[in-house]
Amino acid sequence: MSITLDDVACLLHLPIRGIFWSPQDVTEELAVELAVDYLGVSQGQAQSHVRSCRGSYYKLEWLYDIFVHHRAASSWAYATRAYLLMLVGSTIFADKTFTLVEARYLLLFRDLDGCSGYSWGAAALVTLYRYLGDASMYSCKQLGGYPTLLQCWIHEYFPTVGKRGENWNPAGNCGLPRAMRWSYRWGVLKVDDLRPILDELTPTDAIWRPFEDHRAWRVFDEICLYRGCLKWGESVVPYLPDRCLRQFGYRQYVPSPPLDCMMVTNIDVDWISYHQSVVDVIGSSTVATTPSEVEDGYLEWYYRVSHPRLVSPHRDAPREVPVPVYDVGPSDPDWARVSTLIRRYLRQVNAEEEDPQFSDLFEALHISRSH
């Protein structure tokens, strides 16, 4: 499973189609010029501020003050740029300082009429992928990017993991971004507590396609099945939907070898001509009859090449990890639908199986899974 372009589109309502951005280098001197030209501040004010940031950055608090000042003066172009730069700097482009934004991002908003042509969804995903790559290293203690995107993705796909509250029913959200469905609840679980919980998850504990009731507001876009590299600025990351086909309603097969993004030279061309890539990705699969369905041999391959456990086995235990045989759910489509509806309701009300109030529903769920 992975965070895909479809997840970004549904959770944040950002456009995923559009062009990638390749910025120029921004020195401190250019950061000053950009602030003067596009944020409407004086030369002295810009120089003093950039110098205090010790690099080509602007402080988010400073941008907010500029926004308030220009809004009061009805200088709408300056106010809009300050607001948008503050917005992306505190969300999809947040770095580990959480107080600064790179000055080069102001280049995105020079032309306010043209900035809608960028693939902002891809930008958010590239940034998060890059920071997640850093966070996989033991020495890394913080996560940049937009943590809300990651957290809400977990809430949607793994209803039994972590604490969360709901602000509204998904069916009645009036077209709001799906991430607004969730509210934060303080949890007490630490990393060591979560590892065995994750290890014990089965396919029935995952919601493989959580946004089917959101399609009235975000129709699935086939470009989400593009296989290749995504880029934003100097960051280039592989995007491999053939590794998480169950999220798109297809049976998972053994995917192709991973891409070497260092060897890819025409990312923009590949992105524009995505159709052939989509054909290649889904041409080897069929529509799944149950959400977690896989092709023969896939699980054996996965357990051979991956790291299926977060908790290390006892040192005397054999290194071979047996492939588990899961209850994949009802084979009959009607019973599968019944099972999905019951699980969805139980998830919405945060029901626990030991609660006698929901005992009949849990019994019905177990019956539906046995058909």
Chemist: Is there a chain of hydrophobic side chains (I, L, V, M, F, W, Y, each step under 4.5 Å between heavy atoms) that links Ile16 to Ile3?
Modeler: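 Cluster IDs for Ile16 and Ile3 match.
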Chemist: Dump the intermediate steps for salt bridge (charged side-chain N to carboxylate O under 4.0 Å, His left out) on Glu200 and Arg309, then the final yes or no.
Modeler: CA-CA 9 Å; Glu200 292 167 6; Arg309 290 288 180 268; over 6 Å; no
Chemist: Tell me whether the count of non-hydrogen atoms from other residues, nucleotides or ligands lying under 6.0 Å of CG in Asp111 goes above 12.
Modeler: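 Result for CG/Asp111: enclosed.
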Chemist: Applying the 4.5 Å side-chain criterion to the ILVMFWY set and letting contacts propagate, would Val287 and Leu225 be lumped into a single cluster?
Modeler: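 They do share one cluster, since a chain of ILVMFWY contacts under 4.5 Å joins Val287 to Leu225.
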Chemist: Whether the side chain of Asp242 engages the backbone of Val281 through a donor-acceptor N/O pair (distance < 3.5 Å, no angle test) should be reported.
Modeler: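 Side chain of Asp242 to backbone of Val281, a donor-acceptor pair under 3.5 Å: no, none is there.
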Chemist: Ion pair present between Arg178 and Asp7, side-chain N to carboxylate O less than 4.0 angstrom?
Modeler: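 No salt bridge links Arg178 with Asp7.
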Chemist: Take atom NZ of Lys96 as the centre, draw a 6.0 Å sphere, and report whether it contains more than 12 heavy atoms from other residues, nucleotides or ligands.
Modeler: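 Result for NZ/Lys96: enclosed.
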Chemist: Closest approach of Ala135 and Leu143, non-hydrogen atoms and distance?
Modeler: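 Nearest heavy atoms, Ala135 then Leu143: CB-CD1, 4.0 Å.
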Chemist: For the pair Ser48 (side chain) and Gly44 (backbone), establish whether a donor and an acceptor sit closer than 3.5 Å, ignoring hydrogens and angles.
Modeler: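 Checking the backbone N and O of Gly44 against the side chain of Ser48, no donor-acceptor pair under 3.5 Å is found.
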Chemist: Does atom OH of Tyr250 have more than 12 heavy-atom neighbours from other groups under 6.0 Å away?
Modeler: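 Result for OH/Tyr250: open.
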Chemist: With heavy-atom distances below 4.5 Å as the criterion, would you say the side chains of Tyr58 and Cys53 are in contact?
Modeler: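 No, side chains not in contact.
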Chemist: Evaluate the side-chain proximity of Leu230 to Val236: yes if any heavy-atom separation is below 4.5 Å, no if none is.
Modeler: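 No. Closest side-chain heavy atoms not under 4.5 Å.
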Chemist: Just by distance, with hydrogens left out, do Trp182 and Glu156 show a side-chain donor and acceptor under 3.5 Å apart?
Modeler: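 Yes.
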Chemist: Enter the distance from Leu361:CG to Phe358:CZ here, rounded to the nearest 0.5 Å.
Modeler: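 Result: 7.5 Å between the selected atoms.
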Chemist: Is there a donor-acceptor pair closer than 3.5 Å between any side-chain N or O of Trp271 and the backbone N or O of Gly18?
Modeler: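 At least one qualifying donor-acceptor pair exists.
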Chemist: Given Leu150 and Leu132, is the side-chain contact (heavy atoms from CB on, under 4.5 Å) satisfied, shown in steps?
Modeler: CA-CA 10 Å; Leu150 173 62; Leu132 284 173; 4.1 Å; yes
Chemist: Can Phe220 be reached from Ile282 by stepping across I, L, V, M, F, W or Y side chains whose heavy atoms are under 4.5 Å apart?
Modeler: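 Per the 4.5 Å side-chain linkage, Ile282 and Phe220 are co-clustered.
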Chemist: About how many Å separate CH2 of Trp62 and CG of Leu39, when rounded to the nearest 0.5 Å?
Modeler: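 Answer for the CG-CH2 pair, Leu39 versus Trp62, is 5.5 Å.
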Chemist: Got more than 12 heavy atoms from elsewhere within 6.0 Å of CE, Met180?
Modeler: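 Count not over threshold, so no.
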Chemist: Can you confirm whether Thr148 sits close enough to Thr91 that some side-chain heavy atom of one is under 4.5 Å from a side-chain heavy atom of the other?
Modeler: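 With C-beta onward as the side chain, the pair stays apart.
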Chemist: Would you please say whether a donor-acceptor pair under 3.5 Å links the side chains of Glu293 and Thr289?
Modeler: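 Their side chains do contain a donor-acceptor pair, which is all the 3.5 Å distance test asks for.
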Chemist: Please check if the side chain of Ser56 supplies one atom and the backbone of Glu28 the other of a donor-acceptor pair under 3.5 Å.
Modeler: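 Judged by distance alone, yes, a pair lies under 3.5 Å.
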Chemist: Between the side chains of Arg215 and Asp6, is the shortest nitrogen-to-carboxylate-oxygen separation below 4.0 Å, so that they form an ion pair?
Modeler: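 Arg215 and Asp6: salt-bridged.
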Chemist: Using a 4.5 Å cut-off on heavy atoms from C-beta on, say whether the side chain of Lys190 contacts that of Leu194.
Modeler: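 A side-chain contact is absent here, since even the closest heavy-atom pair is not under 4.5 Å.
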Chemist: If you count the non-hydrogen atoms of other residues, nucleotides and ligands that lie under 6.0 Å from CD in Glu363, is the total more than 12?
Modeler: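 No - once you tally the heavy atoms of other residues, nucleotides and ligands closer than 6.0 Å, there are 12 at most.
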Chemist: Can you confirm whether Pro255 sits close enough to Leu240 that some side-chain heavy atom of one is under 4.5 Å from a side-chain heavy atom of the other?
Modeler: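 Counting from C-beta outward, Pro255 and Leu240 never come under 4.5 Å.
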Chemist: Please check if atom CZ in Phe98 has more than 12 non-hydrogen atoms from other residues, nucleotides or ligands closer than 6.0 Å.
Modeler: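 Above 12, so yes.
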Chemist: Of all heavy-atom pairs between Ser22 and Lys231, which one has the smallest distance, and what is that distance?
Modeler: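 Reported closest heavy-atom pair: OG-NZ, 3.4 Å.
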Chemist: Is a side-chain donor-acceptor pair under 3.5 Å present for Thr4 with Ser2?
Modeler: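 Ser2 vs Thr4: no donor-acceptor pair found between side chains.
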Chemist: Identify which one of His214, Glu166, His155 satisfies the side chain to side chain donor-acceptor pair (under 3.5 Å) criterion when paired with Arg181.
Modeler: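 It is Glu166, the one option of His214, Glu166, His155 that forms the side chain to side chain donor-acceptor pair (under 3.5 Å) with Arg181.
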Chemist: Please step through side-chain contact (heavy atoms from CB on, under 4.5 Å) for the pair Ile92 and Leu87, ending with a clear verdict.
Modeler: CA-CA 8 Å; Ile92 61 175; Leu87 177 65; over 6 Å; no
Chemist: Taking all heavy atoms of Val311 and all of Asp199, pick out the closest pair and write down the distance.
Modeler: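 Residues Val311 and Asp199, closest heavy atoms: N-OD2, 3.0 Å.
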Chemist: Is there a chain of hydrophobic side chains (I, L, V, M, F, W, Y, each step under 4.5 Å between heavy atoms) that links Leu5 to Leu259?
Modeler: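 No: no chain of side-chain contacts under 4.5 Å links Leu5 to Leu259.
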Chemist: So, taking the atom named CG in Asn266 and the one named CD1 in Ile272, what distance separates them when rounded to the nearest 0.5 Å?
Modeler: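 Interatomic distance, Asn266 CG to Ile272 CD1, rounded to 0.5 Å: 10.5 Å.
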Chemist: Can the ring centres of Trp232 and Trp120 be said to be less than 6.0 Å apart?
Modeler: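 Yes, close enough.
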Chemist: Indicate, with yes or no, if Trp217 and Val8 share a hydrophobic cluster defined by side-chain heavy-atom contacts under 4.5 Å among Ile, Leu, Val, Met, Phe, Trp and Tyr.
Modeler: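 Val8 does not cluster with Trp217.
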Chemist: Which atom names give the shortest non-hydrogen contact between Cys224 and Pro241, and what distance separates them?
Modeler: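 Heavy-atom minimum between the residues: O-CB, 3.8 Å.
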Chemist: Within the structure provided, determine whether Tyr239 and Tyr129 are in side-chain contact (heavy-atom separation under 4.5 Å).
Modeler: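 Tyr239 vs Tyr129: side chains touch.
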Chemist: Keeping the roles fixed (side chain from Arg130, backbone from Ser235), state whether a donor-acceptor pair exists under 3.5 Å.
Modeler: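 Not confirmed, Arg130 side chain does not pair with Ser235 backbone.
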Chemist: Does a side chain donor of either Arg227 or Ser277 reach within less than 3.5 Å of an acceptor in the other side chain?
Modeler: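 Distance-only check fails for Arg227 and Ser277.
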Chemist: Is there a salt bridge (charged side-chain N to carboxylate O under 4.0 Å, His left out) between Lys59 and Glu61? Walk through the geometry before answering.
Modeler: CA-CA 5 Å; Lys59 293 179 181 178; Glu61 184 179 6; over 6 Å; no
Chemist: Can you check side-chain contact (heavy atoms from CB on, under 4.5 Å) on Val101 and Tyr57, steps first, answer last?
Modeler: CA-CA 6 Å; Val101 59; Tyr57 300 94; over 6 Å; no
Chemist: Can you name the closest pair of heavy atoms from Cys140 and Asp134 and give their distance?
Modeler: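 Here Cys140 and Asp134 meet closest at CB-O, 3.2 Å.
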Chemist: Go through the steps for Tyr78 and Ile66 under the test side-chain contact (heavy atoms from CB on, under 4.5 Å), then give the verdict.
Modeler: CA-CA 8 Å; Tyr78 292 144; Ile66 292 174; 5.6 Å; no
Chemist: Any side-chain heavy-atom pair from Pro210 and Tyr157 closer than 4.5 angstrom?
Modeler: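 Side-chain contact under 4.5 Å: yes.
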Chemist: With rounding to the nearest 0.5 angstrom, report the OH to CD distance, Tyr302 to Gln252.
Modeler: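 If I round to the nearest 0.5 Å, the distance is 10.5 Å.
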Chemist: Has Asp193 got more than 12 heavy atoms of other residues, nucleotides or ligands less than 6.0 Å from its CG?
Modeler: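 It does: Asp193 CG has more than 12 such atoms within range.
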Chemist: Output yes when Arg17 and Asp221 qualify as a salt bridge under the 4.0 Å nitrogen-oxygen rule, no when they do not.
Modeler: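 So Arg17 pairs with Asp221 through a salt bridge.
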Chemist: Could you walk me through whether Tyr105 and Trp21 pass the ring-ring contact (aromatic ring centres under 6.0 Å, His included) check?
Modeler: CA-CA 10 Å; Tyr105 291 135; Trp21 175 60; 5.7 Å; yes
Chemist: Where do Tyr298 and Tyr253 come nearest, in terms of heavy atoms and distance?
Modeler: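 Distance-wise, the nearest heavy atoms are CD1-O, 3.5 Å.
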Chemist: Kindly indicate whether the side chain of Leu176, heavy atoms from C-beta on, has any atom under 4.5 Å from the side chain of Trp168.
Modeler: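 Yes, close enough: below the 4.5 Å cut-off.
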Chemist: Under 6.0 Å from the CZ atom of Phe362, do we count more than 12 heavy atoms belonging to anything else shown?
Modeler: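 Counting other residues, nucleotides and ligands, CZ of Phe362 exceeds 12 neighbours.
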Chemist: Measure the spacing between CZ of Phe67 and CE of Met86 and express it to the nearest 0.5 Å.
Modeler: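 Reported to 0.5 Å precision, the distance equals 6.0 Å.
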Chemist: Quick one: OH on Tyr38 to CZ on Arg110, what's the gap to the nearest 0.5 Å?
Modeler: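 Tyr38 OH to Arg110 CZ: 5.0 Å, rounded to 0.5 Å.
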